[in-house]
Asker: 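First, the structure itself, so that you have it in front of you.
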Amino acid sequence: MDFQTKPLSENFGAEVLNVDLIQIDEDMAEAILSAVQKHALLLFRRQSLHDDDIHRLSKALGPVEAPPAAKDNHSPSFKSVIYLANINSLDGTLIRGNFVDNTDGGWHSDQAYRQNPATLSTLFCVISPESGGSTSFSSTRMGYESLPSALKDRVDDMKVLYSPGKKHGVPDIEVAHPVVLTNPETGVKTLYVSPSARGFEGPGIEEGKAFKDELLSYQFRPEHIYQHKWRMGDMLIYDNAQFLHKRDAYEGIRFLKATRLYLSPKRFAVPD
């Protein structure tokens with residue numbers, strides 16, 4: 001199955017045209033995974049997806065599970081379909097979890113604090129905010145590629161350290177992931193360092209903080225960033241290893257739904 005696409009930005013991402021995700025089958029799922037390998041971030045506009053459709057789409061792409069932090073902000077029928085909203089549910093309670101805040105969110109990679117973080121993520125827009133509320137993506141491929149040779153040599157065999165916050169709902173343990181991830185199929189290298197990283201194996205606290213700031217100064221160059229301005233019915237599917245992302249501040253109602261997928265390390269870069 002071949003997709004017709006157009007670029008989302010100059011350097012990464014693609015909008016997939018004339019595809020109805022409700023029609024997901026094995027061929028379409030394989031085409032989506034291949035397109036994610038090529039473009040890293042996919043946009044499907046004008047989708048009409050209920051929770052069961054989102055769950056079926058996610059399962060067709062790969063194993064899906066409920067994140068530990070999703071205690072009260074998920075679909076009534078599918079705990080793996082996470083609600084990111086600031087509106088009331090039918091029984092009058094607020095759909096909230098950790099996502100009611102309308103301020104600018106921090107840059108992060110999904111579940112970096114886990115031993116086996118999510119491989120792909122989906123985001124579906126049910127209600128777009130009145131103003132703001134975009135989701136910004138910073139390419140970790142471009143972050144790595146922009147590093148000077150000396151920095152690339154230094155980070156290639158380094159480990160970065162992460163620990164969960166209280167809201168994450170997992171044991172408070174420190175995990176060590178490679179600073180540089182390599183996609184096993186494409187050979188693409190990405191920089192797996194976010195502002196929430198606790199430090200690195202080897203450097204002390206002060207040296208590690210300075211080194212992290214240095215790496216992030218390359219990561220967050222303006223040309224590495226795409227800001228997605230949501231429309232109702234937008235579905236994004238992205239490779240978690242290839243981006244840091246964040247919620248931009250907003251006003252009004254905002255309701256997104258998300259899933260996390262866990263694919264084989266034989267096909268995608270998976271932190272270990």
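Numbers here simply count residues along the sequence, with the first being 1.
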Asker: Nearest 0.5 Å, what's the OG-NE2 distance between Ser77 and His50?
Answerer: 12.0 Å
Asker: Does the cation-pi check pass for Arg154 over Phe211, that is, NZ or CZ under 6.0 Å from the six-membered ring centre and within 45° of its axis?
Answerer: yes
Asker: Quick one: list whatever passes side chain to side chain donor-acceptor pair (under 3.5 Å) with Tyr144, sequence neighbours left out.
Answerer: Asp156
Asker: What I'd like to find out is whether the side chain of Val16 reaches to under 4.5 Å of the side chain of Leu43, using heavy atoms alone.
Answerer: no
Asker: Which heavy atom of Leu215 sits nearest to which heavy atom of Val155, and what is that distance?
Answerer: CD2-CG1, 4.0 Å
Asker: Any non-hydrogen side-chain atom of Val36 less than 4.5 Å from a side-chain atom of Leu120?
Answerer: yes
Asker: Rounded to the nearest 0.5 Å, how far does OH of Tyr238 lie from CG of Leu41?
Answerer: 9.0 Å
Asker: Roughly how far apart are Phe44 CZ and Ile237 CD1, rounded to 0.5 Å?
Answerer: 4.5 Å
Asker: Determine whether Thr190 and Asn183 make a side-chain contact, defined as any pair of heavy atoms from C-beta on separated by less than 4.5 Å.
Answerer: no
Asker: Distance check, rounded to the nearest 0.5 Å: Phe124 atom CZ versus Leu21 atom CG?
Answerer: 9.0 Å
Asker: Are Phe243 and Tyr226, when compared by the centres of their aromatic rings, separated by less than 6.0 Å?
Answerer: no
Asker: We want to know whether Arg198 and Ser163 form a side-chain donor-acceptor pair, criterion being a heavy-atom distance below 3.5 angstrom.
Answerer: yes
Asker: With side-chain contact (heavy atoms from CB on, under 4.5 Å) as the criterion, how do Phe255 and Leu84 come out once you've worked through the C-alpha distance, each side chain's angles and the decisive distance to 0.1 Å?
Answerer: CA-CA 6 Å; Phe255 188 4; Leu84 316 179; over 6 Å; no
Asker: With side-chain contact (heavy atoms from CB on, under 4.5 Å) as the test, would you mind laying out the steps for Tyr83 and Ser75 before giving the verdict?
Answerer: CA-CA 7 Å; Tyr83 287 179; Ser75 163; 3.7 Å; yes
Asker: Mark yes when over 12 heavy atoms from residues, nucleotides or ligands other than Leu216 sit less than 6.0 Å from its CG; otherwise mark no.
Answerer: yes
Asker: Could you tell me whether the side chain of Ser139 and the main chain of Met142 form a donor-acceptor pair under 3.5 Å?
Answerer: yes
Asker: Return yes if some donor-acceptor pair links the side-chain N/O of Thr259 with the main-chain N/O of Val81 below 3.5 Å, else return no.
Answerer: no
Asker: Tell me whether Asp52 contacts the main-chain N or O of Phe78 through its side chain, where contact means a donor paired with an acceptor under 3.5 Å.
Answerer: no
Asker: Is a side-chain N or O of Thr119 found less than 3.5 angstrom from the main chain of Leu263, in a donor-acceptor match?
Answerer: yes
Asker: Going by side chain to side chain donor-acceptor pair (under 3.5 Å), name the pairs with one or both residues in residues 11-25, residues two or more places apart or in two chains.
Answerer: none
Asker: Quick one: closest heavy-atom pair of Ser80 and Val64, and the distance?
Answerer: CB-CG2, 3.8 Å
Asker: Show the nearest heavy-atom pair for residues Phe268 and Leu33, with the distance to one decimal.
Answerer: CZ-O, 4.0 Å
Asker: Could you name each residue pair satisfying side chain to side chain donor-acceptor pair (under 3.5 Å) that touches residues 208-225, not counting sequence neighbours?
Answerer: Ser138-Gln219, Lys209-Asp213
Asker: Can you spot which of Lys257, Arg56, His74 makes a side-chain hydrogen bond (donor to acceptor under 3.5 Å, both in side chains) with Asp51?
Answerer: Lys257
Asker: Any heavy-atom pair between the side chains of Arg141 and Phe12 that's under 4.5 Å?
Answerer: yes
Asker: Is any side-chain N of the basic residue among Glu26 and Lys59 closer than 4.0 Å to the acidic one's carboxylate O?
Answerer: no
Asker: To the nearest 0.5 Å, how far apart are CD in Glu130 and CZ in Arg254?
Answerer: 13.5 Å
Asker: Is there a side-chain contact between Gln37 and Glu185, using heavy atoms and a 4.5 Å cut-off?
Answerer: yes
Asker: I'd like to know whether the aromatic ring centres of Tyr113 and Tyr162 sit less than 6.0 Å apart in this structure.
Answerer: no
Asker: Any side-chain donor-acceptor pair under 3.5 Å between Asn240 and His245?
Answerer: no
Asker: Hey, mind stepping through Ser136 and Gln227 against side-chain contact (heavy atoms from CB on, under 4.5 Å) and telling me if it holds?
Answerer: CA-CA 4 Å; Ser136 292; Gln227 184 183 54; 3.6 Å; yes
Asker: Is it the case that more than 12 heavy atoms not belonging to Glu251 sit under 6.0 Å from its CD atom?
Answerer: no
Asker: Check for a donor-acceptor pair, side chain of His177 on one end and backbone N or O of Ala112 on the other, with a separation under 3.5 Å.
Answerer: yes
Asker: Less than 3.5 Å apart, any donor N or O on the side chain of Gln47 or Asp234 sitting next to an acceptor on the other?
Answerer: no
Asker: Any non-hydrogen side-chain atom of Val19 less than 4.5 Å from a side-chain atom of Phe3?
Answerer: yes
Asker: Tell me, do Leu244 and Thr140 make a side-chain contact under 4.5 Å, heavy atoms counted?
Answerer: yes
Asker: Is it true that Glu65 and Arg114 make a salt bridge, defined as a side-chain N closer than 4.0 Å to a carboxylate O?
Answerer: yes
Asker: With side-chain contact (heavy atoms from CB on, under 4.5 Å) as the criterion, how do Trp230 and Leu256 come out once you've worked through the C-alpha distance, each side chain's angles and the decisive distance to 0.1 Å?
Answerer: CA-CA 10 Å; Trp230 290 102; Leu256 303 183; 4.0 Å; yes
Asker: Are the side chain of Asp248 and the backbone N or O of Gly132 linked by a donor-acceptor pair below 3.5 Å?
Answerer: no
Asker: Nearest 0.5 angstrom please: Asp153 CG to Leu147 CG, how far?
Answerer: 10.5 Å
